[in-house]
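Contents: one structure, followed by commentary.
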Amino acid sequence: MKTKYFQLIFVWFSVTICFSQINFDENQVPDYILPEILLTQNGKKIETSSQWDSIRRPEILDMFKNHVYGDVCDDDIKIKFETTDVDDYALCGKAIRKNVAIHFINGTDTLTANLLIYIPSKHPDGPAPLFLGMNFFGNHTIHYDLSIPISDSYVRNNPGFNIFNNKGTEESRGVRESRWPVERIIDRGYGIATIYYGDIDPDFDDGFKNGLYKLTANCASKNPDKRSSISAWAYALSRAMDYFETDDDINQSQIIVFGHSRLGKVALWAGAVDKRFAIVISNDSGCGGAALSRRKFGETVKQINESFPHWFCKAFKDFNDKEDSLPLDQHMLIGLIAPRPVYVASAENDKWADPKGEYLSLFYSGPVYRLYGLQTFEQDSLPLINKPLWIGNMGYHIRSGDHDITRFDWERYLDFADNHFNKIK
Ligand code: GCU
């Protein structure tokens with residue numbers, strides 16, 4: 001009993017110490033200088049969009065691969081798509097549901113991820129635009145639809161969602177539906193597709209022994225330190241995009257990649273790497289996502305690397321407590337998405353994700369968007385709560401409430417997409 005008591009005090013003490021080291025005070029944000037987004041490593045000033053695209057963009061992409069997100073070495077992998085289920089009368093006739101098994105094959109080893117797709121049954125304007133994002137607890141948790149297969153990949157336990165022994169269960173069907181308003185998205189004329197991220201790489205530090213990296217071991221052995229879970233998850237989103245290019249019901253030029261929290265980091269990285277994503281949306285992605293690292297507000301580089309060592313590549317750890325020596329910051333990640341539309345959202349109570357740092361990344365990516373003649377945000381202070389701001393191809397809002405993805409967020413994303421795809425009649 002006594003030992004247990006001391007253990008509890010120890011845990012409380014560590015958590016308190018840890019949080020007391022985290023800055024939640026705007027007045028304590030250090031002075032910082034961001035790396036120049038339009039200045040090449042050789043000191044050349046980028047003046048045109050074609051110089052950006054041919055010189056600076058590849059340079060920044062490589063820096064992110066080398067220092068932050070790593071890369072997937074896929075030389076040994078073959079991809080096969082297998083449509084395992086189609087229901088033309090899903091959601092009471094509103095939608096077509098498909099389940100596409102994406103097989104990642106290396107010789108006799110195969111990893112299979114299920115891509116769940118809902119497309120509006122009626123899409124009179126041609127193939128449907130579609131939102132693509134990963135989910136946290138299995139495809140069957142996004143909706144009560146009984147036909148969605150239960151994932152048998154490793155799942156993080158969550159007693160509140162009836163998830164025990166790291167296994168998906170019938171009882172966890174639909175537990176996440178509040179974050180996935182599928183019917184509403186269909187009614188607005190969009191498809192929605194998702195992959196359970198654990199089908200690709202389990203979200204724990206397993207030394208990359210499971211999931212996708214099991215299949216890339218040979219190839220990755222040339223550069224094992226480049227492996228990261230975020231790059232594996234983003235890689236899978238690009239493979240889903242490959243599938244969309246083969247499906248006539250889906251408008252491959254109108255795919256919106258989105259994600260919440262850690263999966264928002266994944267969406268941003270996928271959108272940065274793969275120019276086929278037409279719009280990129282980050283919901284509360286925070287540190288290592290939309291938030292500027294140098295502000296050291298909320299979660300820091302050190303904190304995230306210590307809690308989730310597998311998310312980023314090994315080199316990112318060199319910047320623990322040394323944000324100022326990073327050759328990049330997250331405004332450059334947004335710059336990689338330019339000139340495509342990008343929307344970043346924050347929540348007022350989600351200080352851990354640093355709402356202001358998320359907004360400022362958009363603001364400081366402005367010079368790249370301006371090279372394309374687009375208007376950008378003019379003020380470096382946060383917009384008002386619940387007042388979305390759109391200018392040119394940038395969108396942002398800070399919603400009241402907590403770290404979550406809500407109906408308010410979804411309505412803004414749908415409006416933003418309507419605007420860019422000229423769906424407003
Ligand atoms: C943790 C982590 C964040 C992450 C979040 C999530 O809070 O520190 O960086 O965004 O989990 O994915 O839910």
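In this text, all values refer to a predicted model and were calculated from it rather than measured experimentally. First listed ligand is number 1; within each ligand, the first listed atom is number 1.
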Discussion item. Could you identify the single nearest non-hydrogen protein atom to atom 7 (O) of ligand 1 and state the distance to 0.1 Å?
Written reply: Trp352 NE1, 3.2 Å
Worksheet item: Would you say His143 and Glu183 make side-chain contact, with heavy atoms under 4.5 Å?
Response: yes
Response to the item:
Logged contact type for Glu299 with ligand 1, heavy-atom cut-off 4.0 Å, is side chain
Worksheet item: How does Lys265 reach ligand 1, if at all, at less than 4.0 Å between non-hydrogen atoms: by side chain, backbone, both, or neither?
Response: side chain
Worksheet item: So among Tyr69, Tyr213, Trp311, which one has a side-chain hydrogen bond (donor to acceptor under 3.5 Å, both in side chains) with Ser231?
Response: Tyr213
Worksheet item: Do Asp418 and Tyr190 have a side chain donor and acceptor closer than 3.5 Å?
Response: yes
Worksheet item: Is there a side-chain contact between Tyr396 and Phe363 (heavy atoms, below 4.5 Å)?
Response: no
Discussion item. How far is atom 2 (C) of ligand 1 from the closest protein heavy atom, and which atom is that?
Written reply: Phe308 CE1, 3.4 Å
Worksheet item: Which ligand 1 atoms, with their elements, are less than 4.0 angstrom from a heavy-atom of Ser261?
Response: 4 (C), 5 (C), 6 (C), 10 (O), 12 (O), 13 (O)
Worksheet item: Under the 6.0 Å and 45° cation-pi test, does Arg412 pair with Phe416?
Response: no
Discussion item. Looking at Asp242 and Arg276, is any side-chain nitrogen of the basic one under 4.0 Å from a carboxylate oxygen of the acidic one?
Written reply: yes
Worksheet item: Of all the non-hydrogen atoms in the protein, which one sits nearest to atom 12 (O) of ligand 1, and at what distance?
Response: Arg262 NE, 2.6 Å
Item to complete: Select one of side chain, backbone, both or neither to describe which atoms of Ile304 lie under 4.0 Å from any atom of ligand 1, heavy atoms only.
Response: side chain
Practice prompt. Heavy-atom contacts with His403 under 4.0 Å: which atoms of ligand 1 show up? List them by number with element.
Written response: 13 (O)
